[in-house]
Amino acid sequence: MSAPVSVIIPTLNAAQTLPRCLEALMPGLEAGLIRELIVCDGGSDDGTGAIAQAWGGEVFVVSPSRGGQLRKGCAAARGDWLLVLHADTALGAGWAEVVSRHIRTSRKAAWFRLKFDSAGLPAALVAAWANLRSGLGLPYGDQGLVVPRQLYVETGGYPDIPLMEDVAIARMLKGQLVGLPTAAVTSAAKFQQQGWLRRGARNLWTLARYVAGTDPARLARRYQK
């Protein structure tokens, strides 16, 4: 019987963070859980693709739009389950056992509890808010997504948009999302560079504008400044 899970990672100049992400996947490989690794790269020039190939990944080079990258990767995946991760996120200890139990007992999509690779009160507060928000049905991409292929197809999958693709698919999966009792440890670098309060407020404002109907391409241009 083939391993059930295809791992899909969108990347763009992720050479610094991707090895940690891939190393954390090893328990799933050793447990016979992971069937394949698919990396959809947006045109990196820092060796990201070579790193992915060295780890046994299949690399697709596509236009740099995270929604489009994920759509391509998920379409190419052959597993019965899809595990979508960001390149700067590493799954925590025990994740393989938790995911294995989930796919045996549920047909719903699932997200991981957010944790930052930084200590301190700001990191704890932002993570707590993220996990509360996720419990209300709106996990972000930093928290990963485990989803049955059939359910993914039925919802229409990731839209080809450069930003808010994670919010879009969470809204399509409404009522079909549960939390998993293990962590996804993500990089705090952007929060540390921009300030926890400023970055958090910016994320909330971007979400509000998206929900209000602002074009994701316009949001992406502003978000990247």
Side-chain angles (χ1 to χ4, degrees), residues 3-25 28-29 34-91 109 111 139-173 184 186-187 189-190 203 206 210 214-225:
V5 178
S6 295
V7 179
I8 300 97
I9 304 175
T11 57
L12 181 61
N13 291 329
Q16 294 298 314
T17 58
L18 185 60
R20 176 171 163 267
C21 173
L22 298 179
E23 184 177 359
L25 292 174
L29 191 64
I34 296 177
R35 173 173 181 157
E36 60 189 345
L37 167 65
I38 296 174
V39 172
C40 280
D41 188 66
S44 298
D45 57 11
D46 67 346
T48 294
I51 291 171
Q53 289 175 332
W55 281 80
E58 184 175 6
V59 178
F60 295 93
V61 179
V62 297
S63 298
S65 165
R66 196 158 62 193
Q69 290 169 239
L70 285 172
R71 190 172 185 86
K72 171 70 174 180
C74 291
R78 295 168 292 175
D80 291 332
W81 285 78
L82 310 177
L83 168 54
V84 179
L85 285 176
H86 285 183
D88 62 353
T89 295
L91 296 180
W111 47 272
Y140 284 176
D142 288 335
Q143 293 162 261
L145 180 68
V146 182
V147 58
R149 172 202 288 280
Q150 183 177 351
L151 179 59
Y152 174 84
V153 172
E154 288 172 356
T155 62
Y158 284 100
D160 187 356
I161 53 178
L163 192 69
M164 292 288 152
E165 80 295 332
D166 48 359
V167 173
I169 198 165
R171 294 172 82 184
M172 290 187 284
L173 289 168
T186 195
S187 172
K190 292 179 181 177
N203 288 348
T206 302
Y210 172 72
T214 303
D215 181 1
R218 181 180 177 186
L219 292 175
R221 289 193 296 269
R222 179 67 179 172
Y223 192 76
Q224 292 163 4
K225 290 182 179 179

Gap between atom CG of D166 and atom CD of Q143 - 0.5 Å precision: 9.0 Å
Distance in Å, L70 CG paired with D160 CG, rounded so as to fall on 0.5 Å steps: 10.0 Å
Considering all heavy atoms, the nearest A184-T89 contact: CB-CG2, 3.7 Å
Side chains of Y158 and L145 in contact at under 4.5 Å (non-hydrogen atoms): yes
Selection residues 67-78 - residue pairs positive for side-chain hydrogen bond (donor to acceptor under 3.5 Å, both in side chains), sequence neighbours left out: E36-R78
Close side-chain approach of L37 and L22, heavy atoms under 4.5 Å: yes
Atom pair CG (L18) and OG (S44), whose distance is rounded to the nearest 0.5 Å: 9.0 Å
Check: V147 and W81 side chains under 4.5 Å, non-hydrogen atoms: no
Atom pair NE2/OG1 of H86 and T186 - distance to nearest 0.5 Å: 8.0 Å
For Y210 against R171, the heavy-atom pair lying closest together: CE2-NH1, 3.7 Å
Nearest heavy-atom neighbours spanning A77 and L82: CB-CD2, 3.6 Å
V5/R35 under side chain to side chain contact (heavy atoms under 4.5 Å, CB included): CA gap, chis, key distance, verdict: CA-CA 5 Å; V5 178; R35 173 173 181 157; 6.0 Å; no
Short side-chain donor-acceptor distance under 3.5 Å, D41 and T11: yes
Distance-only polar pair, side chains of N203 and T206, donor-acceptor under 3.5 Å: no
Heavy-atom neighbours of Q53 CD exceed 12 at 6.0 Å: yes
Among L91, L85, D88, side chain to side chain contact (heavy atoms under 4.5 Å, CB included) partner for C21: L85
Any donor-acceptor pair under 3.5 Å from T17 side chain to A87 backbone: yes
Straight-line distance of R20 CZ to S187 OG, nearest 0.5 Å: 7.5 Å
L173 side, atom CG; E154 side, atom CD - distance, nearest 0.5 Å: 10.5 Å
Closest approach of V84 to C74 (non-hydrogen atoms, all atoms of both residues): CG2-SG, 4.2 Å
Heavy-atom closest pair, residues G73 and I38: O-CD1, 3.7 Å
Distance-only side-chain donor-acceptor flag, N13 / T48, under 3.5 Å: no
Closest contact, heavy atoms only, A14 versus P19: O-CD, 4.4 Å
Within-4.5 Å side-chain heavy-atom neighbours: V167 and Y140: yes
Non-hydrogen side-chain atoms of Y152 and I169 separated by less than 4.5 Å: yes
For R66, salt bridge (charged side-chain N to carboxylate O under 4.0 Å, His left out) partners two or more places apart: E165
